[in-house]
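From a predicted model like this one, the values you see are computed outputs, not experimental measurements. To find a chain, count down the sequence lines: A is the first, B the second, and so on, and within it residues start at 1.
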There are 2 protein chains.
Amino acid sequence: MSNPKTRDDASVDPRLFLQTVARTMRVLEGFGRKQGPQSLAELAAAAEIDKSAAQRICYTLQTLGYLERDAATGGLRPGLKVLDRTFDFLRMHPLIERAVPVLAELRAMTGQRVDLSLLDDLSIIYAQRLQNRRETFVASLVGRRLPTWCSSGGRAMLASLPDAEVDSILHRSDRRRFTPHTVTDLAAIWDKIRAARRDGFAFTEQEWIMGEMVVAAAVTDAAERPVAAIHIAGSLAEWDARGFQLRMGPPVIEAARSISA
Amino acid sequence: MSNPKTRDDASVDPRLFLQTVARTMRVLEGFGRKQGPQSLAELAAAAEIDKSAAQRICYTLQTLGYLERDAATGGLRPGLKVLDRTFDFLRMHPLIERAVPVLAELRAMTGQRVDLSLLDDLSIIYAQRLQNRRETFVASLVGRRLPTWCSSGGRAMLASLPDAEVDSILHRSDRRRFTPHTVTDLAAIWDKIRAARRDGFAFTEQEWIMGEMVVAAAVTDAAERPVAAIHIAGSLAEWDARGFQLRMGPPVIEAARSISA
DNA sequence: CGCGAGCGTATTGCTATGCGATACGACCGC
DNA sequence: GCGGTCGTATCGCATAGCAATACGCTCGCG
């Protein structure tokens with residue numbers, strides 16, 4: 001996850017870098033791996049610190065509401081305060097507030113599921129999701145990461161990047177197969193990206209979830225760099241691929257354009 | 001926000017409490033107040049630390065991806081990594097994963113907006129939101145806080161608490177008016193809570209947003225304590241209050257029961 | 001046109017703060 | 001009932017973080 005926005009590890013100034021802060025964040029990041037509440041020892045191991053340090057950090061985080069004890073198991077899990085930070089992130093983000101009404105309108109107009117994702121180098125992250133009527137199985141939550149190289153939004157954003165950066169991302173990505181339809185071949189992915197450049201939107205079909213297809217268009221900032229993507233997802237049970245692109249392509253392009261800087 | 005789960009300030013053991021961690025979190029909490037990216041000095045002031053400390057903390061958080069520089073203004077705002085913590089919170093929470101399919105089904109069945117909120121003493125926090133077709137103005141995001149005393153979900157959860165705790169929450173709350181219909185009188189609120197105990201769900205009408213009414217039922221844990229609430233929100237333009245309660249009351253009760261421990 | 005207030009950034013020596021080894025009691029399963 | 005592992009508590013030491021200070025920059029106001 002060596003985000004270009006994130007400072008490079010090599011260039012960290014130890015005079016300004018606070019070990020305690022880094023350890024604290026590593027503790028909070030220890031939840032990514034396993035399901036269910038974690039023990040103090042597990043968090044210590046995940047953060048690569050000893051039990052004493054984990055004890056002090058967890059005690060403090062718990063005091064502040066960023067960790068909670070699970071009533072059932074007695075283990076630790078992220079606390080409610082985390083959602084306050086989520087809210088701040090969404091509120092302070094230059095795109096989100098502008099995007100929300102546009103997404104809502106897009107969803108009302110198309111009747112499909114509409115998502116907003118943000119680019120973070122090798123991953124995209126869902127920041128908003130507006131589901132459609134018949135979607136009962138919503139595995140995706142705010143904060144979910146998907147690989148840039150095989151998601152529709154990711155490909156749309158790649159299409160707005162210079163070739164060299166696309167190559168860099170594709171080469172650093174772990175291009176494993178998620179469904180039988182995932183396109184993993186480099187040349188084939190490049191074909192898809194060129195198609196997205198030509199059409200103004202990317203299209204993927206069952207590359208992540210079977211039965212699902214997605215059109216997506218990139219949102220760019222003032223410097224014309226892609227920062228986000230708008231997705232429209234539909235079911236193969238209701239649409240054929242060609243008709244879906246014809247119907248959803250123009251609105252998704254227009255929506256993305258309208259919130260670009 | 002003195003959550004009962006949060007350790008009491010008085011009983012903090014200074015031997016285990018890390019000042020640096022607390023300062024770091026106070027910096028991140030500095031975004032709550034104002035709109036738009038913050039300067040280093042503003043964050044320092046909000047966290048009540050000097051510029052040096054803020055510099056070290058912000059440098060570290062930025063390195064780790066929890067803060068970002070805003071491209072336009074050069075100011076600071078919460079970073080993408082925040083959404084990873086959101087995802088962890090949602091994934092690790094004992095209720096959320098069980099709740100999501102139930103909420104989706106409820107939304108499909110009723111066609112209304114459906115929310116899941118969590119109780120945090122004087123506030124409730126939205127953890128999931130499934131909007132309805134015609135909702136174009138979605139001011140509410142994940143992490144949004146609403147007052148417990150005047151929200152439908154909050155009243156439903158109050159109804160599941162012993163009288164003494166209800167009194168405590170009501171008295172510590174700032175009961176200001178949000179719309180002309182907000183019920184601020186203590187005795188009147190108690191009437192509403194007793195009605196919720198009788199009916200199994202709470203009902204509010206235009207107390208937070210004009211034109212909106214909400215039914216909500218509490219979700220309880222193994223100890224029968226309220227931890228969350230399911231809301232169904234509808235528009236006065238489409239329903240009358242009585243009909244809405246008759247139609248939405250039973251399904252919201254059933255949904256809340258099905259995810260209670 | 002230039003002055004100064006405010007910003008972000010960089011450096012330093014001091015000591016309070018966080019460190020990690022250690023120890024204790026509780027709980028569980030082999 | 002006995003190791004293993006858990007969470008919790010204690011303590012002296014040195015290092016990690018502290019606060020003061022200084023520098024250059026950009027605005028906005030005079």
Original post:
Which nucleotides of nucleotides 22-30 of chain C have their base under 4.0 Å from a protein heavy atom (B), which only their sugar-phosphate (S), and which neither (-), written as one string 5' to 3'?
Top reply: B--------
Original post:
Are any side-chain N or O atoms of A:T60 and backbone N or O atoms of B:L18, one a donor and one an acceptor, separated by less than 3.5 Å?
Top reply: yes
Subject >> Pairs touching residues 17-26 of chain A that satisfy salt bridge (charged side-chain N to carboxylate O under 4.0 Å, His left out), sequence neighbours left out >> reply: none
Original post:
Quick one: salt bridge (charged side-chain N to carboxylate O under 4.0 Å, His left out) pairs with a partner in residues 43-63 of chain A, sequence neighbours left out?
Top reply: none
**OP:** Would you please name every residue forming a salt bridge (charged side-chain N to carboxylate O under 4.0 Å, His left out) with B:E254, sequence neighbours left out?
**Re:** B:R257
Subject >> All pairs passing salt bridge (charged side-chain N to carboxylate O under 4.0 Å, His left out) where residues 86-95 of chain A contributes a residue, at least two apart >> reply: A:R85-A:D88
Could you list the protein-to-nucleotides 11-15 of chain D atom pairs, N/O on both sides, closer than 3.5 Å?
none

Subject >> A:Q128 side chain vs A:I96 backbone, donor-acceptor pair below 3.5 Å >> reply: no
Original post:
Does B:D163 have any salt bridge (charged side-chain N to carboxylate O under 4.0 Å, His left out) partners at least two apart in sequence or in another chain, and if so, which?
Top reply: B:R197
Subject >> Qualifying residues under ring-ring contact (aromatic ring centres under 6.0 Å, His included), relative to A:F178, sequence neighbours excluded >> reply: A:W208
**OP:** List in numerical order all residues of residues 37-47 of chain A for which some heavy atom is under 4.0 Å away from an atom belonging to DNA chain D.
**Re:** A:S39, A:L40, A:A41
Subject >> Short side-chain to backbone donor-acceptor contact, A:R172 and A:L122, under 3.5 Å >> reply: no
**OP:** Send over the distance from B:Q55 CD to C:dA10 C1', rounded to a whole Å.
**Re:** 7 Å
Original post:
For the pair made of CG in A:D50 and P in D:dG7, what is the distance, rounded to whole Å?
Top reply: 14 Å
**OP:** Send over the distance from B:I57 CD1 to D:dA19 C1', rounded to a whole Å.
**Re:** 13 Å
**OP:** Compare every heavy atom of A:A156 with every heavy atom of A:A202, then report the nearest pair and how far apart it is.
**Re:** CB-N, 3.7 Å
Subject >> Rounded distance in Å - CD1 (A:I49) to C1' (C:dA21) >> reply: 15 Å
Subject >> Sidechain-backbone polar pair: B:R77 side chain, A:F89 backbone, donor-acceptor under 3.5 Å >> reply: no
**OP:** Enter the inter-axis angle for the ends of the helix from C:dC1-D:dG30 to C:dG29-D:dC2 (five pairs per end, rounded to 10°).
**Re:** 40°
**OP:** Please list, by residue number, the residues of residues 16-24 of chain A whose heavy atoms come closer than 4.0 Å to an atom of DNA chain C; answer none if no residue qualifies.
**Re:** A:Q19, A:T20, A:R23
Original post:
Quick one: do A:E165 and A:R225 make a salt bridge, cutoff under 4.0 Å?
Top reply: yes
Original post:
Which word best sums up how the rings of B:Y59 and A:F17 line up, parallel for under 30°, tilted for 30 to 60°, or perpendicular for over 60°?
Top reply: perpendicular
**OP:** Give the rounded distance in Å between these two atoms: CD of A:E48 and P of C:dG20.
**Re:** 13 Å
Original post:
Under 3.5 Å, is there a donor-acceptor pair between the side chain of B:T148 and the main chain of B:S123?
Top reply: yes
**OP:** Check side-chain contact (heavy atoms from CB on, under 4.5 Å) between B:S151 and all other residues, then give those that pass, not counting sequence neighbours.
**Re:** B:I124, B:L146
